[in-house]
Each structure stands twice: as structure tokens, then as C-alpha cells.
There are 4 protein chains.
Amino acid sequence: MAIEERKLKEKLQRYNAILDAAEKIMKASGVYNLNMDLVAKETELAKGTLYLYFKSKEEILAALSIKSRNLLLTHFEKSTLNIDNPIEQLKAIAFASFNFFKKYPFYFELIAIYEVNNKLEETAEIQKSINKLINFVNGITIKAKEKGLLNIDLDPIQYTFCLWGMLIGMSQLVKVRGAVMEDYLGFTEKDIINTFMIQLEMGMKK
Amino acid sequence: MAIEERKLKEKLQRYNAILDAAEKIMKASGVYNLNMDLVAKETELAKGTLYLYFKSKEEILAALSIKSRNLLLTHFEKSTLNIDNPIEQLKAIAFASFNFFKKYPFYFELIAIYEVNNKLEETAEIQKSINKLINFVNGITIKAKEKGLLNIDLDPIQYTFCLWGMLIGMSQLVKVRGAVMEDYLGFTEKDIINTFMIQLEMGMKK
Amino acid sequence: MAIEERKLKEKLQRYNAILDAAEKIMKASGVYNLNMDLVAKETELAKGTLYLYFKSKEEILAALSIKSRNLLLTHFEKSTLNIDNPIEQLKAIAFASFNFFKKYPFYFELIAIYEVNNKLEETAEIQKSINKLINFVNGITIKAKEKGLLNIDLDPIQYTFCLWGMLIGMSQLVKVRGAVMEDYLGFTEKDIINTFMIQLEMGMKK
Amino acid sequence: MAIEERKLKEKLQRYNAILDAAEKIMKASGVYNLNMDLVAKETELAKGTLYLYFKSKEEILAALSIKSRNLLLTHFEKSTLNIDNPIEQLKAIAFASFNFFKKYPFYFELIAIYEVNNKLEETAEIQKSINKLINFVNGITIKAKEKGLLNIDLDPIQYTFCLWGMLIGMSQLVKVRGAVMEDYLGFTEKDIINTFMIQLEMGMKK
DNA sequence: CATGAATGAGACTTCATTCAT
DNA sequence: TATGAATGAAGTCTCATTCAT
């Protein structure tokens, strides 16, 4: 079955090549400027071939969005690795978010787009990737609760969602209004993130 | 000058008719599906006529977005009217946001779109409407600080922006994930808003 | 009848104001960018009013074109005033053309457009203004012939037309290719005009 | 590779079909009335398909303009083939121009449009086609100079440009004023061309 | 006479998707 | 599987001219 294996491998390579191309294009010209002609040119595949690997343009977006979330998850994991205190872990996650979104604005867009634009259909797979993120964070929140470190009035799963919502919101704020804040209001991205972190810590602690 | 007056009035009516039509269309098929043909059909005006009132499609969006922000501002104002304590006022504003966005999801989208999509140009007028909102909230935050009610580590203007970011983020969360939460996780929008409010209050207080 | 007189005068003033406005606009943004909205704004008249003075946009163009030709005619007249020899007069006319077109590129365009674009209808009045020019030149050509100064094989009226054709062609050449000639070929507008004049003189003399 | 070959051939055929259609349309309704809807209808292709072959409407115009110039060049070449004397060759070229422009008034328009309308961008390829024409003529002018047949005061390259300018101007004249001359002035196109040729010969000879 | 709001036919271009080979 | 030519609906915007007041 070596032949089949090789074929499978080749298929996977193509699949990834398409994703890479789409990513490269979007990084260069923005998420909204992706189009299938560009992907075809970049991959040196025929346009029709793209549709053998992805049912639609939207599916490419979805795949990249999932990839982004998985990447974010690994960042979350790394950031909490050497920390014991769940509260500190949650704070580390918040920091990791901001760093991630600052470092990879493009991945942020791909994650946020599904939190915003309800024109895009959320498939089961996207849901799954979201859930993985939420579950990871929620595991920590639950631990915090169990250890009595979390404000007693906060329900873990609900708080986890709050955290996610706040992080997305704050990241957008920094992204869209960051320049204005620095230019006209005299404080930096770091400052506002710091301010947010203070209120976050105060808000979650017992 | 009765004639001139009447003409002016008629012009304003047309202007509003166009906005109303655009609003109706977007409510029905989403903010991203607005197009000038539809507006023309809905208003029963010629396409060219639309361009006498708005220089571009984007200008229609901008006008509605400003309208939305102004409306939100009046909700903020009303919600704080009979409250003395600035902290309670800030909480009232948070509640007002959620209510507003629940009641007018469409207006929320029109506000949020400029906080998200950096393809849309922000004109001076849009900026102004944003500033009006921010300034209103900031006035209260400052008062809270002056009265020693705000956490001493929080800078008022920075905290105001944080609040705005969190509110937008939480509103999106509720909007996009509300159904999932209710269907699969066993808590309601109200619950999560409540959870958020708890952490908010704890986070901002001294 | 003082009232009627004044009204007539006012009408003429409006008529000229429209032409002036059109001229100003075209000078600023090119012959092809004239549009009635711009003219209305510049004259501070209503768009409908323009149509009381000119049947169409094309008629404005025609009027200005006639004006241009009349102006060119006066330049021809002046240039020949103090010259006796008809041959020298014809040369003076050629020089006057180049100078005029260099000084008023806009008027040149308005004249040339009717020599080129057969989409534009030539009214009787335009014809008349052309004829005035041709006749003026032709008068000189005839004199040259009578005095035995013109090449015997050249028919005056035919030669006059040739002259007109060559002058328009050479002016266009200088206008369109002038920059290229100076930048890449090492000779100036003056040079090529000079070369043309040499061949012109040799070609017409006995 | 027969398949690839055939495909290439078909592509070329489509390309030419589009050009032919554009040509037909322009012949019928004028150069300025070309539009993509008409081309689509005439070729029985979808509008989008046209854009697979030409990036824009202007590119169709450019392609036809180049084609016209190349065709004119072959006429120049043929017309000089059996002539030794460079002066006679230049005269032959002038005649060839008039014949060509009489025979293909449409091609003339496509050439002249770039000599007149500075709204159209001249691409490198258009420049090249112009240069080919100029160079061909200039080669002969130089030869004439070398053989001492050209008026000693005329610089070859400058004279070549003059010739081009005069020919375009005269062709326009004949085209636009031809009818008038025949109807009211009692001489024919041939007559005036003849007159021009006389002055041309006299003007260039030593 | 004057107004200026309204018209609506165009015009160009883009792009996700299909399908015959 | 792979190709890539073809599709055609969709979309934004312009502007000369008209006409009711």
C-alpha cells in the first residue's frame, strides 16, 4: 500500500500548500483581500484544483481560523506551564493573548472574524477548536474555584466565557485604537493592558 | 420663505428615508449585504438620486453608525440620570450597553463594525461621535476617582477605554455565543452578564 | 425700452459667465473633464438655468471653440500687420500658430478637437469661424501667388488648407511628443519648429 | 503536446475574435463608442471572459492601435521596396500614408488618437510601435542626407518627426474637411494631397 | 426666467464557482 | 485527479438632461 500512502501524503502536502498560500496572501494584503485567483497563482495550482481540497473559499478561511486557535492554545499552554497558582495562570493567559495578537495580528483577525461577522457559518470543526480553547481556560478557572482563590460569586464556566469576551474586546481595542491612544492620549498599549490586568486581577480574586 | 423651508424639510425627509431603507435592508439581510440597488428599490428612488444625498455607500453606513452611537449615548445618559454614586453610574452604563445591544442588535453591529474592520475609513464625524461616548463615560470615571471610589491603581481615561473594550467584547460574545451558551451550557445571557458585572464591580472598586 | 435693454445685457452677461466658468474648469482639469455640475457650481447658477443659455454641453464647447478660433485670428492679424511680403506673412502666421498654441494650450485643444473628433457635430457657426481663419490666410496666399512669389505649381486655396493641416499636425506633434524629443532625442521644441519652418519656406517659394 | 498547441491556438483565436469584434463595433459607431457590453454581445462571450484576455478596455484599444501601426509599417515597407532614391522613398511613404488612411480610416483614428488625446496612457509597447515607424522613416531620411539629396539645413531625425506630424495633420484634414472641400471648393482629396506633395518635395530637396 | 431635485441608462470591473476535457 | 477557460451576476458610481414648481 505504499502507493496509496504516498498519494495520501501528497494530498496532505497540497492541502497545506493551499493554506500556506492563503496565509501568505492575507498577511500581505489583508483578510478581506484573499481571492481564489491569488491562491491559485501562489500555489501554482489550477483554480479548479483548489476546489478539490476545499469546498469553498470560506472553508479555507475556516481551516486557517482553526489553525490560529490551535496555535493560540499552545501559547496558552506554554504560558501556564511553570505556574502553580491558577489565578496567576489566568493572568498569564491574558498576557499570552495580548502578546499573541500583537505578534500575529493576522491570526487574531482570523480568530476574531468568527466572533464578529455572523455572515460566516461556524462549522462543527470551528466550534470544536473554540471549545478546546475554552475548555483549557475553564480547567484552570475551575481549579481556581476549587482552591478557593476565585471570587466566590463567580461561576467558573461563565467566568471563562467572560474572560474570553474581554480578551477579544481588549485586543480589538488595542488594535484599532492603539495608535490614537499613543498619539493623542499619552499612554501606550502597554499602559492600557496593564490597567486592564489590574482590574482583571481585582475582579477575579476572592 | 415658507417654500424654502418646506423644501428643506422634504430634503431631510428623503435623507432619512434613505437611511431608514438602508436600516431596514441591513436588519433583514445583514450589514454586509447592503447594496445601492436594494436601497434604490426600497426607497423607490433612482440610484442616481441616492448619490445626491450620500457621496457613497460608505457614507450611508457612516451616518447610521453615528446615529447608533448618538442613540447609545442617550441611553447612557438616561441610565445614569437618577444615580449619584459614580461607581453605580458606571455599572448602569454597562447594563445600558447590554440592554441596548440586545434591543437593537443592528445598531450594535453598526457601532462595532468600526471597532473591528479597519477597511472602513473613520471620518472626523465618526471620531467625534466616538469621542462623545468616551468623554461621557470618562467624566464619570474621573468623578469616581476624585471621590476616591475607584481603585487607586486605575487611571481614569485608561480605565474608560478598558470599559469600552470590555463592553464591546462582551456584547459580541453574548451576541455570537449566546445561543450556544443557552442551549448547551445551561446558563443564560443574563447569567453571564451578571457574572461579568460582578467581576467588573470588584475590579473597579477601591 | 431701457428695461428690455438691461435684460438683454444681463442675459449676455450670464451667457459669458457660463463660458468663462467652463473655460476655467477645463483649464484646470482638462477638456474632457468638463461637466455641467461643475459649471453650475462655478457660475452659481442652477443646472437647469444653463440649459436656458445653451441647448447642450456640446454647445458650450462649440462656443468656446469659436471664441478660440477668433482669438487665433486676431493673433494671425497682428502677426502680419507690419509685414509686406506675403511669403513672410505666411511664415509669420506659422510662427504665430506655434506661439499661440504654446501660450494657450487649452485654446489649441478646443480648436483641434473639431479637427479630430468626428463625434462632435460641426454647426454652421463653427464652420463660419473656421472659414474666417481659412479666408484670412487664403487672402495672403492669393496675394503671394499674384505677386509671383508662390511656387507656381501650388494652388492658393489648396495650399492654404495644406498649411492649416500641417500647422495643426505640427502643433499636436510638439504638444504630445515635445517632452520625449527633449528628453531622449536631444533637440527642443524650438529646433523642430525651426526645421519645419525651413522646409515650409523652401516648399512654398518659387 | 498536440493538445496544448491546440489550446494555445484557440486562445489566440479568442484574443483575435475580441479584437475583431471591437474593431467591428468601432467601425460602426466610432472609436469613442466602444464598450465592453457591446464587445461581449458581439463575441458572444461573457463580459468577465473579456477580462481574461484584456486587463481593461483601454488595453483593447492599445492592442488595436499597435496593430494599426504595424500594418501601416508594412505599407511603408512595401511602398518603398522597389525605389532606390531616398527622396522618392519618402514621397512614397507620404503617399502610402494617405492611401492607408483613406482605405482604413478606422486604423488611422486608432493611430491618431494617441497623437492627440493625452488622457490615454502610452504603454511601453505602444511607444515601441511608434518608434518602429519613426525609425523606419528616419533610416530613409538619414540615407537621403548622406547622399546629399536632403536640404542641407534639415536635420534628419527632426525632419522625420516633422514629416510624421505633417502626415498626421494632413490626413486629419482630408478626413475631416474632405467632404467640404469637394462639395464647396471644387477640388478633390487627390488635388490637395497632390498640392501637399509638391510642397513636400520642394521643401525637402536640396 | 430660474431652480435644482430626480432620473436612469450606462460604464467598468471583480470573483466565487463550474464543468468539459 | 487536475486543469483553467468561461461564466454572469453583482456591485459602485457618473452625468447629461428633464420637468414640476
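Computed from a predicted structure; not experimentally measured. By convention in this document, chain letters (A, B, ...) are assigned in the order of the sequence lines, proteins followed by strands, and residues within each chain are numbered from 1.
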In this structure, how many angstroms lie between the P atom of E/dT18 and the CG atom of A/Leu50, rounded?
13 Å
For D/Lys11 and B/Asn35, take the nucleotide of DNA chain F holding the closest heavy atom to each; which residue's nucleotide lies nearer the 5' end?
D/Lys11
Of the candidate nucleotides E/dT7, F/dA2, E/dT18, which contains the atom at the shortest distance from the side chain of B/Leu45?
E/dT7
Let me know the distance between CZ of B/Arg14 and C1' of E/dT7, rounded to the nearest Å.
11 Å
C/Lys41 NZ to F/dC15 C1', in whole Å, measures 13 Å
Starting from C1' on F/dG11, measure out to CD on B/Glu58 and report it in whole angstrom.
14 Å
Starting from P on E/dA11, measure out to OH on D/Tyr51 and report it in whole angstrom.
12 Å
Salt-bridge contact B/Lys27-B/Glu23 (side-chain N to carboxylate O under 4.0 Å)
yes
To the nearest Å, give me how far apart CG (B/Leu61) and P (F/dG11) are.
14 Å
Salt bridge or not for A/Glu10 and A/Arg14, using N-O below 4.0 Å?
no
Restricting to non-hydrogen atoms, name the atom on D/Ser65 and the atom on D/Leu110 that form the minimum distance, rounded to 0.1 Å.
OG-O, 3.0 Å
For a quick check, tell me whether the side chain of D/Lys47 and the base of F/dT7 share a donor-acceptor pair closer than 3.5 Å.
no
From CZ of D/Phe54 over to P of F/dA5, roughly how many Å is that when rounded to an integer?
14 Å
If you pin C/Asp37 and D/Tyr53 to their nearest nucleotides in DNA chain F, which one's is more 5'?
D/Tyr53
If you look at every strand shown and take non-hydrogen atoms under 4.0 Å, does D/Leu38 touch a base, only sugar-phosphate, or nothing?
nothing
Taking only N and O in the side chain of B/Thr49, is any of them less than 4.0 Å away from OP1 or OP2 of E/dA5?
no
Could you tell me the separation between the CG atom of C/Leu52 and the C1' atom of F/dT18, rounded to a whole number of Å?
12 Å
Who pairs with F/dA20 - Watson-Crick or G-U, where each distance is under 3.5 Å:
E/dT3
Map D/Leu34 and C/Ala46 onto DNA chain E by nearest heavy atom, then report which one ends up closer to the 5' terminus.
C/Ala46
